[in-house]
Each structure stands twice: as structure tokens, then as C-alpha cells.
Protein chains: 2
Amino acid sequence: MNIVALAGGIGGARFLRGLRAAVPDAEITVIGNTGDDISLFGLRVCPDLDTVMYTLGGGINEEQGWGRTDETFTVKEELAAYGVGPGWFGLGDRDFATHIVRTQMLEAGYKLSAVTEALCDRWKPGVRLIPMTDDQVETHVVVDDPEHGRRAIHFQEWWVRLRASLPALSIAPVGADGAKPAPGVVKAIEAADVVLFPPSNPVVSIGTILSVPGIRDAVAAKTVVGVSPIIGDAPVRGMADACLTAIGVETTAQAVGELYGPGLIDGWLVAEADADVRVEGVEVRARPLLMSDADATADLARAALGLALELKREDEDAR
Amino acid sequence: MNIVALAGGIGGARFLRGLRAAVPDAEITVIGNTGDDISLFGLRVCPDLDTVMYTLGGGINEEQGWGRTDETFTVKEELAAYGVGPGWFGLGDRDFATHIVRTQMLEAGYKLSAVTEALCDRWKPGVRLIPMTDDQVETHVVVDDPEHGRRAIHFQEWWVRLRASLPALSIAPVGADGAKPAPGVVKAIEAADVVLFPPSNPVVSIGTILSVPGIRDAVAAKTVVGVSPIIGDAPVRGMADACLTAIGVETTAQAVGELYGPGLIDGWLVAEADADVRVEGVEVRARPLLMSDADATADLARAALGLALELKREDEDAR
């Protein structure tokens with residue numbers, strides 16, 4: 001069985017770990033968001049790709065959900081001693097090595113997809129991890145900065161430094177227009193039995209991936225099941241509400257289901273508390289969504305995959 | 001008083017610390033060797049500049065003479081886990097930060113001399129440290145490699161990886177021909193009351209600095225005193241003998257004094273064991289050369305400076 005999943009960071013990575021446990025023999029291709037990527041200290045940092053790679057490869061800091069386990073921060077402290085920032089981005093020593101290898105390979109002319117494959121040679125995540133594009137796409141956020149007026153800042157500056165404390169007036173994946181899907185992305189989607197959207201941020205993770213021309217159409221042609229990142233009126237984790245508000249969407253499972261809509265998804269998994277959600281043209285099922293432990297996470301992934309396969313069979317029978 | 005010193009790594013740095021202690025009010029300009037510089041992991045590493053900076057700035061690992069004190073090697077271990085080498089070059093986590101800052105500044109278009117000044121803003125070495133050139137000069141060593149035949153390798157590969165175990169057939173500062181002294185180098189020499197050669201390697205440290213067109217002539221016009229890096233028939237530390245052999249010079253204080261010669265140096269400090277050394281046209285004095293502690297090192301620097309000032313006065317009187 002071939003499964004494609006689009007994934008952002010923590011939520012996506014944890015869901016994928018559950019999926020891999022649920023169907024260990026499946027071929028899982030993960031299309032990773034690179035809109036959060038940023039150059040820091042002259043090094044290329046890909047937070048979402050690394051979170052997926054570390055989580056599935058056993059190197060993640062479980063407690064915080066990103067970065068390496070047993071991490072130290074000597075390099076960062078030394079950079080601060082040189083007066084070199086930003087200090088608000090938490091790069092640990094182990095993590096630095098990943099960015100050094102990546103940057104060295106990029107400068108040698110390798111594409112991000114080839115670099116990601118090389119990094120995964122070490123981590124053996126048990127899935128094929130492909131960045132959504134080899135081109136540079138950076139999510140920018142327009143804010144009214146009390147000091148500098150209205151300006152566009154890098155997503156990480158808004159998300160990590162400001163913790164989304166300034167309202168986002170708009171959010172845009174800069175560069176997406178001219179970007180091409182990385183080699184293998186469209187092919188993997190076309191070859192997939194089903195496509196899954198983990199409970200990743202619908203705007204700056206799934207939304208950004210879908211903004212790369214060619215990906216949305218390829219996905220829409222498949223049987224797709226999404227898992228709601230919202231329970232009740234709050235994100236399960238992170239600050240997805242701040243992103244949804246920016247695009248004029250309510251922070252509810254209903255509204256996010258409608259945002260994706262029947263043109264894109266066929267099934268929508270919501271929390272039991274949201275069992276009353278209805279999205280026209282989309283099969284909505286209520287399930288426990290909290291990925292509180294490995295079993296619960298595998299159960300959730302199994303439910304999403306099960307619904308997708310069920311909808312796919314129905315669709316095939318109807319033809 | 002204005003003093004210029006040419007310096008390689010450990011020996012030069014320790015001598016300079018003694019010199020600074022001996023004449024705390026002097027303006028000391030250090031012209032640093034960059035022929036040992038190397039790009040590792042996409043980062044620009046300047047071993048000699050850093051050794052001078054760390055030693056005079058209080059950050060050096062005293063025991064090994066290079067690298068940072070309280071050093072850890074997490075980044076290097078992680079790079080090795082990615083299969084990325086070389087493993088033979090000992091870059092610690094604290095040290096990495098220096099190379100990250102340097103590389104980032106170089107890529108932003110700053111010259112190495114400006115970068116070095118910026119790094120020294122943190123370390124406050126108490127001397128002005130200028131690289132010999134902002135241009136790329138790399139010392140290469142020709143060896144008969146049992147596996148790959150005759151080939152030229154980077155000095156660091158010969159020195160650190162092979163520990164000079166293959167005889168050097170020749171040693172050349174590649175790029176020196178077309179290099180220009182860094183801004184301020186010639187001016188500092190011209191403004192100097194005297195020039196000192198610490199007991200640095202006469203071939204790959206002092207020799208390399210002098211190979212940059214314009215530096216030798218500027219130095220030769222001044223009163224210069226050198227400190228022998230050889231006691232008896234062995235280098236005080238390091239493997240200078242392997243370099244001297246490559247250029248057909250004996251490993252003796254006599255031979256190195258003659259290598260510099262009266263066209264370049266006016267005075268030559270040798271060990272008491274070498275009191276019989278005579279170099280025509282050069283004033284040779286025997287002194288304890290071992291920089292065994294801070295006092296002995298300051299005494300040695302005071303002796304070198306004292307001899308230089310004495311020869312300068314004599315020269316001025318004779319005119």
C-alpha cells in the first residue's frame with residue numbers, strides 16, 4: 001500500500017509515527033513543509049523536515065517536540081558571546097551539525113530533496129521524506145509592528161520570537177508562485193492509494209504545501225482524509241488560531257473542514273466533542289484525536305487510513 | 001613604542017603573551033599567518049589567527065596550546081554520525097562558533113582582516129591582530145603518497161592527519177604570488193620601531209608571511225630580531241624539522257639563522273646550548289629560550305625586544 005501524507009512539524013511528525021506503527025509494511029511518502037525554513041548564522045535550517053526526521057528517526061526531544069534529545073547549547077552561547085544572534089531561535093549543538101551538513105551540501109550544488117535524502121540515510125525514518133519543493137518558498141507574515149509600522153516578517157520571527165503576539169494581517173508563502181514540486185512529489189501522490197493530512201497547521205503547513213503549483217491538483221485527484229488540528233474552538237497544540245484568524249477562518253473543526261472542502265478532502269476526522277460537525281460533500285467521523293501515547297496515536301492514524309480506504313472503495317464501487 | 005611581530009600558532013602566541021606582559025604600554029601589531037587556513041564543513045577555519053586570539057584573549061586550552069578551554073565536541077560527533085569528515089581535525093563546539101561567525105561575515109562580503117577585527121572585539125587580545133593577507137593563500141605540501149602517488153596536499157592534511165609522517169618533497173604557499181598584504185600590514189611595519197620573529201615555524205609560519213609580496217621588503221628595512229625555534233638539533237615544539245628538511249635546511253639554530261640571514265634579521269636569539277652559533281652580519285645572543293612559565297616567557301620577549309632596541313640605537317648612531 002502506498003500512502004502519501006503532507007506534514008508540518010510536531011503534530012505531523014507524531015501522527016506519522018503512529019501511521020508507521022499502524023501499517024509497518026506500507027510505503028509512506030511524506031511531503032514536508034519548507035515554508036518555515038530560515039537561514040540563521042549562514043546555515044540553512046528546515047525546522048519541519050528536521051522535526052519529522054528526528055521524530056521518526058528516534059532523535060527528537062520528546063518533551064518539547066522539536067530539536068534533539070540530550071541537547072546542549074554551547075555553540076549558541078558562544079555565538080551570543082560574539083554578539084551574533086538571533087538568540088530567540090533555539091539551535092542546539094547536535095542540531096547545528098544537521099544544518100552544517102545541509103548547508104555544505106546545498107553550497108556544493110545538491111538540491112534540498114537530495115540533501116534531505118542524505119540526512120535521512122542516517123536517521124532511517126522508515127518513510128520517504130521529500131520537501132514540497134527544492135525552490136525557496138518562505139512564509140511571510142504581515143504585521144503592524146508598534147516600532148517599525150506595517151511590515152512583512154519571516155514566519156519564524158512571528159511564530160518564535162513574537163509568539164504570534166502581533167495579529168497577522170496576512171500570511172503568504174513568498175516564492176510559491178514560481179516554485180515547482182520537488183522531484184518525486186507529484187509522482188508519489190499519483191501513485192498513492194490514499195493521501196492523509198495529519199493534524200498539522202492548515203494555513204502555514206498543509207496550506208503552504210498545497211500552494212506549490214501542481215501539488216493541490218494532484219492531491220485533489222486522490223482519496224484524501226484529513227485529521228482536524230482543532231478540538232472545540234482551540235488548536236490541539238501550537239497557535240493555529242492566529243493563522244486561521246489571519247485568513248478569516250474560524251478556529252473550529254467545522255471551519256477548517258470547510259476550508260479544505262469537498263474539492264480537496266473526502267473524509268474529515270474530528271474530535272468526539274465535535275461530533276456535530278457537518279461539511280457538505282465530506283464524510284465526517286468523530287474519533288479521539290489526542291495523540292497522548294503511542295497506542296492512541298496509532299489508533300488515530302489507523303482510523304484516518306481506515307476511513308480513507310473505505311471512501312476509496314466506495315468511490316471505486318460507484319464508478 | 002610600536003612593535004610588529006609576525007606569528008604562526010602556539011609558539012608565536014605564547015611569545016606574544018610574554019611580550020605584552022613585558023611591555024604592557026607598547027602598541028603591538030601582530031601579522032598572522034593564514035597559510036594554514038582551511039575550509040572544513042563549509043566553514044573557514046584560521047588556526048593560527050585563532051590561536052593568537054584565544055591565547056591572548058584568555059580562551060585558549062593551555063594544555064594543548066590550541067583550541068578553546070572547557071571544550072566539548074558534540075557538533076563534531078554529530079557530523080561523524082552523518083558520515084561527514086574529516087574526523088582528524090579537532091573542531092570543538094566553542095571553536096565552531098568562531099568559524100560560523102567568520103564564515104557568515106566572509107559570505108556577507110567582509111574581508112578577513114575586518115572579520116578578524118570583529119572577532120577580536122570579543123577577545124580583546126591587547127594587540128592588533130591582522131592577517132598577512134585578505135587573499136587566499138594555502139600552504140600545500142608535495143608528498144609521495146603510497147596510495148595515490150605523488151601529489152600536493154593541504155598543509156593541514158600533512159601536519160594534522162599525517163603528522164608529517166610522509167616526507168615533504170616541497171612546500172609552497174599557493175596563491176602567495178598574487179596576494180596583497182592586508183590593509184594596515186605594510187603601514188604597521190613601516191611605523192614599527194622594531195620587528196620581532198617569535199619562535200614560530202620558519203618555513204610554514206614566518207616564511208609564509210614573508211612570501212606575500214611587499215611584506216619581506218618592508219620587514220627587511222627595519223631592525224629585526226628573531227627567536228630561534230630550534231634548540232640543539234630539534235624544534236622546541238612541533239615538527240619544524242620536517243619543514244626545514246623539505247627546503248634543504250638543517251634543523252639547527254645556526255641554519256635557521258642563516259636562512260633568515262643578515263638581509264632580513266639583525267639579531268638572533270639562540271638557546272644557551274647553542275651559544276657557539278655564528279651568523280655573519282647578524283648579532284647572535286644566547287638566552288634561555290624555553291617559555292616554561294609566564295615569567296620565563298616575558299623574560300625571553302624582553303630579551304628579544306632589548307636586543308632589537310640596542311641594535312636599532314647602534315644602527316642610528318652609526319648613520
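Here is the naming used below: chain letters follow the sequence lines, and residue numbers restart at 1 for every chain.
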Chemist: Would you find more than 12 non-hydrogen atoms of other residues, nucleotides or ligands less than 6.0 Å from Tyr82(B) atom OH?
Modeler: yes
Chemist: With a 4.5 angstrom heavy-atom cut-off, could you sort out which part of Leu43(B) is near chain A: side chain, backbone, both or neither?
Modeler: side chain
Chemist: Do Thr69(A) and Asn61(A) have side-chain atoms, one donor and one acceptor, less than 3.5 Å apart?
Modeler: no
Chemist: Distance under 6.0 Å and angle within 45° of the ring axis: does Arg68(B) meet both against Tyr54(B)?
Modeler: yes
Chemist: For each of Gly42(A), Ala118(A), Ala81(A), tally heavy-atom pairs with chain B at distances under 4.5 Å, and name the one with the top tally.
Modeler: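 Of Gly42(A), Ala118(A), Ala81(A), Ala81(A) has the most heavy-atom pairs under 4.5 Å with chain B.
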Chemist: Given a strict heavy-atom distance threshold of 4.5 Å, which part of Val84(A) is in contact with chain B: side chain, backbone, both, or neither?
Modeler: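 Side chain of Val84(A) only, per the 4.5 Å heavy-atom cut-off to chain B.
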Chemist: Got Gln136(B) and Glu138(B) here, is their nearest side-chain heavy-atom distance under 4.5 Å?
Modeler: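 Gln136(B) reaches Glu138(B) side chain to side chain.
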Chemist: What part of Thr103(A) gets within 4.5 angstrom of chain B, counting heavy atoms only: side chain, backbone, both, or neither?
Modeler: neither
Chemist: Out of Ile209(B), Val212(B), Val137(B), which residue meets the side-chain contact (heavy atoms from CB on, under 4.5 Å) rule with Asn33(B)?
Modeler: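 Running side-chain contact (heavy atoms from CB on, under 4.5 Å) over Ile209(B), Val212(B), Val137(B) with Asn33(B) returns exactly one hit, Ile209(B).
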Chemist: Under 4.5 Å heavy-atom distance to chain A, tell me which part of Glu78(B) shows up: side chain, backbone, both or neither.
Modeler: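 Both the backbone and the side chain of Glu78(B) come within 4.5 Å of chain A.
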